[in-house]
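Below is one structure, written out as structure tokens; comments come after it.
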Amino acid sequence: MIYFLVKIITIPGTLFKAFLEHLSCRMFDIPVEFSRYIQKNELCGHIEHVLAKQKGSFGICFMPHIIALLSGLIMIIPASMNLFYLGKVNILSVVFIYFGISILTNCFPLLEDAVNMWGYLYGKESKAKMISKIFMFIPAAVMYGGAYIERFGITLITSIAFSYAFPYVLALVI
């Protein structure tokens with residue numbers, strides 16, 4: 001119930017993530033079984049597709065994740081600097097912060113896709129080369145962990161916390 005409520009609150013990010021997932025299924029020739037973007041189950045914001053094989057399993061998780069992450073950051077960075085650090089409230093910053101938080105909340109793959117990807121990379125019957133396993137470990141672990149916490153709606157809290165804390169961390173670095 002919490003998962004569905006978070007998906008409805010962050011509807012722009014939910015639809016954007018589902019569209020990116022649908023697009024990546026077409027890019028990797030993965031058959032789509034059911035393409036309703038909004039559903040009252042764990043597939044809300046995702047599409048139902050056949051589990052991908054080998055390289056497609058990483059691509060179906062990574063491509064939508066990186067595009068959604070970059071899109072969310074592009075919206076969050078100027079809006080959070082304007083709202084939280086400079087204290088200037090305007091409608092454009094509020095809209096950007098909402099869209100950025102909703103996209104960042106929904107940037108992780110479905111848990112079944114993440115488990116499938118992890119199995120192809122690190123499972124007993126994995127055919128991945130050692131160099132691939134080394135370079136893919138951090139992105140795969142982030143996507144696997146993110147898919148798990150998204151299932152409980154925790155990504156909304158982390159996205160809000162990130163958007164609030166980012167300008168202060170950036171000010172310390174610069």
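Not measured: the values here are computed from a predicted model. Note that these values count all heavy atoms, side chains included, but never hydrogens, waters or copies made by symmetry.
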Item to check | Audit row: F137, K133, side-chain contact (heavy atoms from CB on, under 4.5 Å) steps and yes/no | outcome: CA-CA 6 Å; F137 178 74; K133 290 180 179 182; over 6 Å; no
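- Of all heavy-atom pairs spanning L111 and R151, the tightest one is CD2-NH1, 2.7 Å.
- For the side-chain contact (heavy atoms from CB on, under 4.5 Å) test with I154, the passing option among I149, I2, T105 is I149; the others fail.
- Note: E21 CD to I67 CD1 = 12.0 Å, rounded to the nearest 0.5 Å.
- Between F16 and N106 there is no side-chain heavy-atom pair separated by less than 4.5 Å.
- In this pair, F84 and Y164 present their aromatic rings perpendicular. The plane angle is above 60°, beyond the 30 to 60° band.
- Under the 4.5 Å side-chain heavy-atom criterion for grouping Ile, Leu, Val, Met, Phe, Trp and Tyr, V115 is not connected to L51 through any hydrophobic cluster.
- Side-chain N or O atoms of S71 include none that pairs as donor or acceptor with a backbone N or O of A68 at under 3.5 Å.
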Next on the checklist: Could you go through I97 and S80, starting from their C-alpha distance and side-chain angles, then the distance that decides it, and tell me whether this counts as side-chain contact (heavy atoms from CB on, under 4.5 Å)?
Outcome noted: CA-CA 7 Å; I97 204 90; S80 64; 3.8 Å; yes
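- Here CD1 of I66 is found 13.5 Å from OG of S24. Values are rounded to the nearest 0.5 Å.
- Hydrophobic cluster membership differs between I74 and F96, with clusters built from Ile, Leu, Val, Met, Phe, Trp and Tyr side chains linked at under 4.5 angstrom.
- Taken from CD1 in I157 to CD1 in I101, the straight-line distance is 12.0 Å, to the nearest 0.5 Å.
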Next on the checklist: Go through it in stages, so that I can follow the logic: the residues are V6 and F152, the test is side-chain contact (heavy atoms from CB on, under 4.5 Å), and I'd like the CA-CA distance, side-chain angles, deciding distance and then a yes or no.
Outcome noted: CA-CA 9 Å; V6 167; F152 300 107; over 6 Å; no
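- In Y98, the OH atom is crowded: over 12 heavy atoms of neighbouring residues, nucleotides or ligands sit closer than 6.0 Å.
- Shortest non-hydrogen contact noted between S102 and T10 is CB-CB, 3.5 Å.
- Note on I76 and I160: same hydrophobic cluster, where clusters join Ile, Leu, Val, Met, Phe, Trp and Tyr whose side-chain heavy atoms are under 4.5 Å apart, directly or indirectly.
- Closest heavy-atom contact between V142 and F108: O-CE2, 3.7 Å.
- At a threshold of 4.5 Å between side-chain heavy atoms, the hydrophobic network of Ile, Leu, Val, Met, Phe, Trp and Tyr places I103 and Y3 in two separate groups.
- Counting heavy-atom neighbours within 6.0 Å of I138 CD1, excluding the residue itself, gives a total of 12 or less.
- Counting only distance, with no hydrogens or angles, the side chain of S93 and the backbone of L83 share no donor-acceptor pair below 3.5 Å.
- Across all their heavy atoms, C107 and H65 have their closest contact at O-ND1, 3.0 Å.
- Of the inter-residue distances, the one linking H22 atom NE2 with I60 atom CD1 reads 9.5 Å to the nearest 0.5 angstrom.
- Note on L5 and L156: separate hydrophobic clusters, where clusters join Ile, Leu, Val, Met, Phe, Trp and Tyr whose side-chain heavy atoms are under 4.5 Å apart, directly or indirectly.
- Contact record, A171 with Y85: CB-OH, 3.4 Å, taken as the closest heavy-atom pair.
- The distance from the CE atom of M143 to the CE atom of M136 is 8.5 Å, given to the nearest 0.5 Å.
- Atom SG of C61 sits about 4.5 Å away from atom CE of M117, to the nearest 0.5 Å.
- Residues F4 and I8 form a side-chain contact, since some pair of their non-hydrogen atoms from C-beta on lies under 4.5 Å apart.
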